[in-house]
There are 2 protein chains.
Amino acid sequence: MQLPVNKCHGYARAVPKPEVDSTASLELGVDRSSPVPLYFQLSQQLEAAIERGALTPGSLLGNEIELAARLGLSRPTVRQAIQSLVDKGLLVRRRGVGTQVVHSQVKRPLELSSLYDDLEAAGQRPATEVLANVLEPAPAQVAAALQIAEGAQVHRIERLRLTHGEPMAHLCNYLPTGLFDLDSGQLAATGLYRMMRAAGITLHSARQSIGARAATAEEGERLDEPPGAPLLTMQRTTFDDTGRAVEYGTHTYRPSRYSFEFQLLVRG
Amino acid sequence: MQLPVNKCHGYARAVPKPEVDSTASLELGVDRSSPVPLYFQLSQQLEAAIERGALTPGSLLGNEIELAARLGLSRPTVRQAIQSLVDKGLLVRRRGVGTQVVHSQVKRPLELSSLYDDLEAAGQRPATEVLANVLEPAPAQVAAALQIAEGAQVHRIERLRLTHGEPMAHLCNYLPTGLFDLDSGQLAATGLYRMMRAAGITLHSARQSIGARAATAEEGERLDEPPGAPLLTMQRTTFDDTGRAVEYGTHTYRPSRYSFEFQLLVRG
DNA sequence: ATAGTCAGGTTGTCCGGACAAAGGATTGAC
DNA sequence: GTCAATCCTTTGTCCGGACAACCTGACTAT
């Protein structure tokens, strides 16, 4: 498989093993005075190198020992950097072989993302129309999802998301009171998740359900679809890192203009 | 928060700090003669304890140093065990505070799972009807997804999945030739992913797209739905750890009988 | 009473080393 | 020439220790 390359390895260390260490030509280095962890610096540099194509898919990374020595780091630190990229699905390790850049196109392993951010990343310049922003007693289903008493006061936010002037999704969200103030102006200008993060809430996990159903007359009118037209639906409950439910949403999408696309990894 | 449970266990080890170490009353231990890694043994035991409720949500885990000493392990090993559970979303670490069991209900963070396994786990006893299992030239879209030449031979498998005697989903899958033999009998008795794993293929990642559309007359007849009824659709390309595309599938589901439910974590 | 300071406890990061396990390639025997 | 045994390389696991960063609660000074 490997041609017998003319290995004239005297001391003239003219590229010792060029075909088995793609990091040799990379300029890697860490800043020990920086507060950002060394393993993180390294993993970011490697990820950037993969991103811009300096590390091509399938190329070997060179063994950890040598890499550590070259960077003046310990092997555990280098391993931690590599491991984080393995967890992201960018690298694959094989005992006895080495670490190589994964072959396929891995974009993003499905983050807990907001529709607004998704659209903005796609260059769609989304517009938002706030249809409602009120306080009201929680219906039974909402109270159950948010783990609060039925009838307790909750915020109800209804929004219409448009792209290119056309409606794309109808978003109905319920939030517990007292988390942060819900300014309608901000709601129109940015996404809900961004507002929550800005308010110091660290999102942890979400439970989602994606389905489909026929549009009611009211739904059809909102989204500019005929009654009975297929709609893509999503319900989601979001939790912060203390386990509190911080948001429950019911969304409907026009399937001609939106679909859920994501990448997922097998969990080791 | 935690009542001081009266644990009369043996020689008066009168629970040093009962409210700050919920693992104290657990019987944890590792088998050093086992080939399974120590950190994995520990993480499994902790996960099982969480699963069965021995470790209640919000309870502290006790500091790593002491836990390591109690088990006769080193701190890095204990950390590795805990870290794997943090990655799964079962635990939350806070510097200066400790490690605690996450409060919310985290079931499964969206694995790369097969419909068959999902149904079986739900106790549905799925049935499969193999409608087609043939070799044919790859259409353009399939060839692009599988990264092979257009017109190259591929397997086409069409199946109908039923629960309680009613059709639930129509599955159309394309596979490259030469991976493994596709026995129709096995296809009817188990899932495609299980067959692939059994054939030594290690799945790595998949790219999915979930949408909705109205049923055509043919689709409606297959799934016992009227034409124009809303259907839930999913396309998926699966890759193995070498980056090869090993499967491309187009599935349609009856939304009244199936929806995608999953949990997702914010990636740190 | 309030605010700032300090100390204790816990996780985060990093180091250096050691041996085991697995895969590939070479070598040897037949 | 083919197959098996062996060696080498590389990652996997594990250890023990050290210091830094951070949070909490108590204490002190205002």
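Below, read A as the first sequence line, B as the second, and so on, with proteins coming before strands; counting in each chain starts at 1. Computed from a predicted model, the values in this text were never measured in an experiment.
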- Closest to the Ser74(B) side chain, choosing from dT10(C), dC14(D), dT11(D): dC14(D)
- Message: Testing the basics here: between Glu261(B) and Ser209(A), what is the closest heavy-atom pair and its distance to 0.1 Å?
- Response: OE2-OG, 3.4 Å
- Item | Atom pair distance, as rounded to whole Å: CD in Gln41(A) and P in dT13(C) | 12 Å
- Calculate the interatomic distance between Gln83(B) atom CD and dT10(C) atom P; express it in whole Å. 19 Å
- Message: Taking atom types as they are modelled, would you say the side chain of Arg95(B) forms a donor-acceptor pair with the base of dG9(C) within the 3.5 Å cutoff?
- Response: no
- Can you check whether Leu146(B) reaches Tyr174(B) side chain to side chain, under 4.5 Å on heavy atoms? yes
- Thr77(A) side chain near dC15(C) phosphate (N/O to OP1/OP2, under 4.0 Å): yes
- Query: Got a salt bridge between Glu64(B) and Arg93(B), using NZ or NE/NH1/NH2 to carboxylate O under 4.0 Å?
  - Reply: yes
- Message: Nearest whole Å is fine: how far is dC19(C) C1' from Ile65(A) CD1?
- Response: 12 Å
- Message: Which nucleotide wins on minimum distance to the side chain of Leu38(B), given the candidates dG12(C), dG16(D), dC14(D)?
- Response: dC14(D)
- When you measure from the side chain of Pro37(B), which nucleotide among dT11(C), dT11(D), dT13(D) comes out closest? dT13(D)
- Task: Would you indicate whether the side-chain heavy atoms of Arg94(A) and Gln100(A) approach each other to under 4.5 Å?
- Result: yes
- Task: Give the rounded distance in Å between these two atoms: CZ of Arg93(A) and P of dA21(C).
- Result: 18 Å
- Item | Contact nearer the 5' end of DNA chain C, comparing Gln80(A) with Arg94(A) | Gln80(A)
- Can you tell me the distance, in whole Å, between the CG atom of Leu71(B) and the P atom of dG16(D)? 13 Å
- Query: Within this structure, what is the CZ-to-P distance between Arg79(B) and dT13(C), rounded to whole angstrom?
  - Reply: 7 Å
- Return the value, rounded to whole Å, for the distance between atom CG of Leu60(B) and atom P of dT24(D). 12 Å
- Message: Just so I know, are the side chains of Glu247(B) and Thr237(B) near enough to count as touching, which here means a heavy-atom distance under 4.5 Å?
- Response: no
- Message: Let's see if you can work this out: which of dC14(C), dT11(D), dG12(C) has an atom nearest to the side-chain heavy atoms of Glu64(B)?
- Response: dG12(C)
- Item | side-chain N/O Arg32(B) vs dC15(D) OP1/OP2, d < 4.0 Å | yes
- Give the rounded distance in Å between these two atoms: OH of Tyr39(B) and C1' of dT11(D). 12 Å
- Any N or O donor-acceptor pair linking the side chain of Arg75(B) to the base of dG12(C) at under 3.5 Å? yes
